[in-house]
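Positions are given from 1 along the sequence.
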Amino acid sequence: MSDDGDREYCLIDATTPPRADRPPYAECVLCRKPTEYPESYKGITLCPVCEWQEAQRTACSG
């Protein structure tokens, strides 16, 4: 088994929106608490707690 195959299997798109300097902040799509991202960002935004929990769920266990 090659390392390249393992890396492709575990590759997750980890792009995140830019951090906001000040309010208004976008709501978390899971718990609706404020995130660290600007309200004007179009896309999925998660608060720090939900981001951490999602990372734990999607982490590769290899």
For Glu36, all residues meeting side chain to side chain donor-acceptor pair (under 3.5 Å), sequence neighbours excluded: Arg19

Taken in chain and number order and not counting sequence neighbours, the residues that satisfy side chain to side chain donor-acceptor pair (under 3.5 Å) with Glu27 are Arg32

Looking at residues at least two apart in the chain, or sitting in another chain, which of them share a side-chain contact (heavy atoms from CB on, under 4.5 Å) with Arg57? Leu30, Gln53, Glu54

Any side-chain heavy atom of Leu46 sitting closer than 4.5 Å to one from Val29? yes

Could you report the tightest heavy-atom contact between Thr35 and Cys47, atom names first, then the distance? CG2-N, 3.6 Å

